[in-house]
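Numbered from 1 within each chain, the chains take letters A, B, ... in sequence-line order.
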Amino acid sequence: MRWSKAFHPTFRDDPSDAEAVSHKLLLRAGFMRQLMAGVYTLLPLGYRVAHKITEIVREEMNELGAQEFRLPTLHPKDVWERSGRWDAMGQEMFRFEDRRGSDVGLGMTAEEIFAHLASELRSYKQLPQNWYQIHTKYRDEARPKSGLLRVREFTMKDSYSLDIEEAGLDHAFDMHFKAYRKIFKRIGFEPIAVEASSGSMGGNESIEFMLKSDAGEDWIASCEGCGYAANVEKATSELAAESDEAGLDAPEKFATPGVRTIEDLEQFEGGAPGSRQIKTLVYKVDGKTVLLLLRGDDALSEQKLVDTVEAEEIRPAAADEIQEALGAQPGSLGGVGVTEHFIIADEALRGRTNMTTGANVDDFHLRGVSVERDIESNAWLDLREVKEGEPCVQCGKALAVFKTIEVGHIFKLGTKYSEAMGATVLDRNGKARPIIMGSYGIGIERALAAVVEASHDENGIVWPVNVAPFEVVITVVKPKDVECMEAGERLYDSLKGSGIDVLLDDRDERPGVKFNDADLIGFPYRVTIGPKGVAAGVVELVARRDGEKSEIRVEHAGETITEAVLANRR
RNA sequence: CGGGCCGUGGCGCAGUUUGGUAGCGCGCUUGACUGGGGGUCAAGAGGUCGCGAGUUCAAAUCUCGCCGGCCCGACCA
């Protein structure tokens, strides 16, 4: 490709309404343009990268023995109704009526459709199967953001394993785990695999692949000592041993005028530090009032509650509901003496004595509370969100908590979808058994943006060779100089002939403009061909990543550069 | 969905308070000089100021309504 004939529109300034690095750079360097909120056009540069990522994913899926399908993106309502997700997905699914008035949804994922196809399977002898597709998905996100990191229309590789035995699922899951590791490494970054919540997918085990990045929106806890890592929606930590004094024989009520928050009570004369307070949250779980008790300095992980409590609807209670249930406003709530409501206490409160909590009378608290003596909790659960620095459950080292981008997610689904779709096969004994499914996803555009987040500098993107839009750019410093231009073209032909993705910058621009554009776009290698070099019979090779320069004799240039590129392809 | 900010040539912005000829930088076109990190000079093109109503002699500017975008939060496989 000749740059003078290409559509590679670059900007000199950062676009004003982009925040994330990948968002800024992908716009500025001419990889994409926004059409509307969460919907982007990939320009030729962007599409080349997306295509290379797709090919890597495809190769690794084929390597694993998976078969590629192509499903529709138009899904009929009834298939989604059978799994219960037509309703469960709520506003997140794009929906409309066709001309006959039939309800249609745009596919956000394909468990239903693949399970529906799997109902054609008859015998365990046809299993295992591994099915996948790489296709457009639609999700009407409430808040698309950060360029390609969170969009409403995107390409996803989604695969599905079908097995008769749990052991088969374990194997398929493991194969995907390894394939994902390899895929991300080839694409150009190494995410952390973490235990995750399965959310609305269902199933009992899932692993997310997370790339550390400030542009991300998922917090994970990870341990450098032993490699334990989990999404904070799931993470646990060792509890630091607390030594409490026995305290009083019975709770003592005391006035706390104006105290509303944990911090207020810490400051209050006669109050208590957050670690000695019991925080009381009121939730509505399928309409029932439930009290959640946590240590004052712990935060509730709502996802942990959702994951452990089987319920349709879980939400914080409204102010009037709280008043009616406990007779006091938030700030003075507590579980002491409460018997008419279900109480769930966090594990961190077990055995604690001499604590302080609300008295269920506005502006009054209780001190000297022994949790197990004074509060009739109906259940003990792990509800707290892990904090930075807490000891790892496996090795005791301090956990780090940081932000990440979710670039892949694999699920052990079980039989939820196969049962809903009637996907059963006959086993060895002639008995019908639901197929055991797993599902596995990678977002292509998000992975593309993740590479940029992971690999850039102050001058622009630094593409790994494997996914670079072009592996080499030949910068002809003075295109009007016939010798320069011809030297450039000869090298271009030579590299092209060797199968290198090469772009010839033949634009009539100043060298500085070309160098800056090349750096911004991020080609891994730049060959500079100028009058001085040509006169001396050399060209200059510059590596984008470290700026390392070397002079190469013109007659060896094609060969040397080809070798350098091939050495970095994976 | 709640809160905040914003919509003016392709990009970045000023002008809106106090209504009166739509402006700047970059980019773009043509030509010349130039040519190893966004060069110089000259001459140009390009905008119904997000949309619609209203007030007014007159609206980018004031009023009302709508649409769109970004950020924070809630939500989210």
Side-chain angles (χ1 to χ4, degrees), chain A residues 7 9-20 23-24 27-30 33-39 85 88-93 107-111 137 139-147 149-152 154 156 158 196-203 206-209 215 217-218 231 233 302-303 306-307 314-316 406-413 416-417 438-443 446 459-460 475-481 484-485 505 507-520 526-536 538-540 542 547 549 551:
Chain A
F7 183 58
T10 57
F11 296 139
R12 241 166 144 137
D13 305 304
D14 271 338
S16 64
D17 50 11
E19 201 80 13
H23 189 192
K24 282 185 193 171
L27 281 174
R28 190 143 93 85
R33 290 293 181 259
Q34 184 179 45
L35 185 60
M36 58 178 175
V39 179
R85 293 209 292 182
M89 284 308 182
Q91 299 240 249
E92 190 133 336
M93 189 178 213
M108 24 195 331
T109 177
E111 282 76 14
K137 301 288 182 293
R139 293 177 190 182
D140 195 359
E141 292 281 351
R143 182 147 99 88
K145 56 177 288 202
S146 307
L149 286 175
R150 191 199 201 55
V151 291
R152 299 194 296 165
F154 61 100
M156 182 164 115
D158 46 321
S197 161
S198 300
S200 72
M201 291 295 283
S206 85
I207 290 179
E208 288 172 326
F209 291 81
E217 34 188 357
D218 285 291
N231 195 304
E233 292 177 347
E302 207 165 302
Q303 191 64 45
V306 171
D307 286 347
I314 295 180
R315 63 170 175 86
E406 177 190 348
V407 288
H409 201 160
I410 59 180
F411 300 86
K412 289 188 181 176
L413 294 176
K416 171 177 173 176
Y417 298 95
S439 90
Y440 316 87
I442 293 179
R446 185 181 282 182
N459 296 320
T475 305
V476 179
V477 169
K478 193 174 173 183
K480 281 181 182 162
D481 181 298
C484 278
M485 201 57 223
D505 191 352
R507 295 175 299 165
D508 184 18
E509 290 287 354
R510 305 223 97 215
V513 173
K514 298 183 168 197
F515 294 151
N516 283 323
D517 271 346
D519 287 349
L520 176 63
R526 186 183 82 223
V527 185
T528 312
I529 297 185
K532 293 173 203 163
V534 168
V538 296
V539 298
E540 186 187 63
V542 187
K549 293 182 181 177
E551 290 207 330

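Comparing Ala20(A) and Met108(A) by the nucleotide of RNA chain B that holds the closest heavy atom to each, the one mapping nearer the 5' end is Ala20(A). RNA chain B is contacted by both Ala18(A) and Val513(A); Val513(A) maps to the nucleotide lying nearer its 5′ end (nearest heavy atom per residue).
A donor-acceptor pair is defined here as one N or O able to donate and one able to accept, closer than 3.5 Å; such a pair exists between the side chain of Arg28(A) and the backbone of Phe11(A). Counting only distance, with no hydrogens or angles, the side chain of Arg33(A) and the backbone of Leu27(A) share a donor-acceptor pair below 3.5 Å. Under the 3.5 Å distance criterion, the side-chain polar atoms of Lys478(A) are left unmatched by any main-chain donor or acceptor of Pro531(A). Although no hydrogens or angles enter the test, the distance criterion places a donor-acceptor pair under 3.5 Å between the side chain of Ser206(A) and the main chain of Ala196(A). Judged by distance alone, the side chain of Lys514(A) and the main-chain N or O of Val476(A) form a donor-acceptor pair under 3.5 Å.
Across all strands, Met36(A) comes closer than 4.0 Å only to sugar-phosphate atoms, never to a base (heavy-atom distances). Within the 4.0 angstrom heavy-atom criterion, base atoms lie near Gly533(A). Counting non-hydrogen atoms under 4.0 angstrom, Pro9(A) reaches nothing in the nucleic acid. Among the atoms of the strands shown, none is found under 4.0 Å from any heavy atom of Glu233(A). In this structure, Gln91(A) reaches neither bases nor backbone, as no heavy-atom distance under 4.0 Å exists between it and the strands shown. Among the protein residues, Thr10(A) comes within range of no part of the nucleic acid, since none of its heavy atoms lies under 4.0 Å from any strand. Nucleic acid contact class of Arg526(A) (heavy atoms, under 4.0 Å, all strands): base. As judged by a 4.0 angstrom heavy-atom cut-off over every strand, Asp218(A) is placed among residues making no nucleic acid contact. When heavy atoms are screened at a 4.0 angstrom cut-off, Asp481(A) is found touching no nucleic acid atom at all.
The pairing partner recorded for C64(B) is G52(B), the criterion being a Watson-Crick or G-U wobble arrangement whose two distances lie under 3.5 angstrom. A 3.5 Å limit on both hydrogen-bonding distances identifies no Watson-Crick or G-U partner for C75(B). Under the Watson-Crick or G-U wobble criterion, with both distances below 3.5 Å, C33(B) is paired with G39(B). The partner of A58(B) cannot be assigned: no Watson-Crick or G-U wobble pair with both contacts below 3.5 Å exists in any strand. As the counterpart of C70(B), G4(B) is assigned, both hydrogen-bonding distances of the Watson-Crick or G-U wobble pattern falling under 3.5 Å. Look at C28(B): its Watson-Crick or wobble partner, with both distances under 3.5 angstrom, is G44(B). Pairing partner, C13(B): G23(B), with both Watson-Crick or wobble hydrogen-bond distances short of 3.5 Å.
Closest to the side chain of Ala142(A), from the set G35(B), C72(B), C75(B), is C75(B). When the nucleotides C75(B), G12(B), G35(B) are ranked by their closest atom to the side chain of Pro15(A), G12(B) comes out on top. Considering only the side chain of Pro531(A), G36(B) comes nearest among G36(B), C76(B), G37(B). Relative to the side chain of Asp13(A), the nucleotides G69(B), G25(B), U34(B) differ in distance, and G25(B) lies closest. In this structure, the nucleotide among G37(B), C75(B), G69(B) sitting nearest to the side chain of Phe515(A) is G37(B). The side chain of Lys480(A) approaches U34(B) more closely than any other nucleotide in the set G12(B), C71(B), U34(B). Set against U34(B), G12(B), C70(B), the side chain of Ala37(A) has C70(B) as its closest nucleotide.
OP1 or OP2 of C72(B) lies within a sub-4.0 Å distance of a side-chain N or O belonging to Arg143(A). Contact between the side-chain N/O atoms of Lys549(A) and the OP1/OP2 oxygens of G36(B) is not found at any separation under 4.0 Å. The phosphate of G12(B) (OP1 or OP2) has a side-chain N or O of Ser16(A) nearer than 4.0 angstrom. Of the side-chain N and O atoms in Thr475(A), none sit less than 4.0 angstrom from OP1 or OP2 of G36(B). Remark: Gln34(A) is in phosphate contact with C70(B), judged by side-chain N or O atoms under 4.0 Å from OP1 or OP2.
Rounded to whole Å, atom P of C71(B) lies 8 Å from atom CG of Asp17(A). Note: CG (Asn231(A)) to P (C76(B)) measures 13 Å, nearest angstrom. One interatomic measurement links the two molecules: CE of Met156(A) to C1' of C76(B), which rounds to 14 Å at whole-angstrom precision. Atom CG in Leu520(A) sits roughly 13 Å away from atom C1' in C11(B) (whole-Å rounding). Gln303(A) has its CD atom 7 Å from the P atom of C76(B), to the nearest Å. Asn516(A) places its CG atom 15 Å from the C1' atom of G27(B), with the value rounded to the nearest Å. Rounded to an integer number of Å, the gap from CD of Glu19(A) to P of G4(B) is 19 Å. In this structure, CZ of Phe7(A) is placed 13 Å from P of C28(B), rounded to the nearest angstrom.
Taking the C1' atom of each, G2(B) and A22(B) are spaced 37 Å apart, rounded to whole Å. One C1' atom belongs to C51(B), the other to A32(B), and the distance between them is 45 Å to the nearest Å. Taking the C1' atom of each, G46(B) and G37(B) are spaced 30 Å apart, rounded to whole Å. Separation of the P atoms belonging to C11(B) and G50(B) is 14 Å when rounded to the nearest angstrom. The separation of U8(B) from C62(B), taken at their P atoms, amounts to 16 Å, rounded to a whole angstrom. U29(B) and G19(B) have their P atoms separated by 41 Å, given to the nearest Å. For the P atoms, the distance linking U16(B) with C28(B) amounts to 31 Å, nearest Å. Atom P of C6(B) sits at a distance of 12 Å from the matching atom of C13(B), rounded to the whole Å.
At a cut-off of 3.5 angstrom, the base of G35(B) holds at least one donor-acceptor pair with the side chain of Asp508(A). Side-chain atoms of Arg510(A) and base atoms of G39(B) include a donor and an acceptor less than 3.5 Å apart. Within 3.5 Å, no donor on the side chain of Asp14(A) pairs with an acceptor on the base of G12(B), nor the reverse.
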Worksheet item: Between Asp517(A) and Glu509(A), does a side-chain contact (heavy atoms from CB on, under 4.5 Å) hold up when you go through it step by step?
Response: CA-CA 11 Å; Asp517(A) 271 346; Glu509(A) 290 287 354; over 6 Å; no
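Contact detail for Ala518(A) and Arg526(A): the closest heavy-atom pair is CB-CD, 4.1 Å.
Residues that satisfy the ring-ring contact (aromatic ring centres under 6.0 Å, His included) test with Phe209(A), not counting sequence neighbours, are Phe177(A), Tyr180(A), Phe184(A).
With rounding to the nearest 0.5 Å, the separation of CD in Glu233(A) from CG in Asp307(A) is 7.5 Å.
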Would you tabulate the pairs of protein nitrogen or oxygen atoms and nucleotide nitrogen or oxygen atoms of nucleotides 29-31 of chain B closer than 3.5 angstrom?
none

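A salt bridge is defined here as a Lys NZ or Arg NE, NH1 or NH2 lying under 4.0 Å from an Asp or Glu carboxylate O, and Arg85(A) with Glu111(A) meets this definition.
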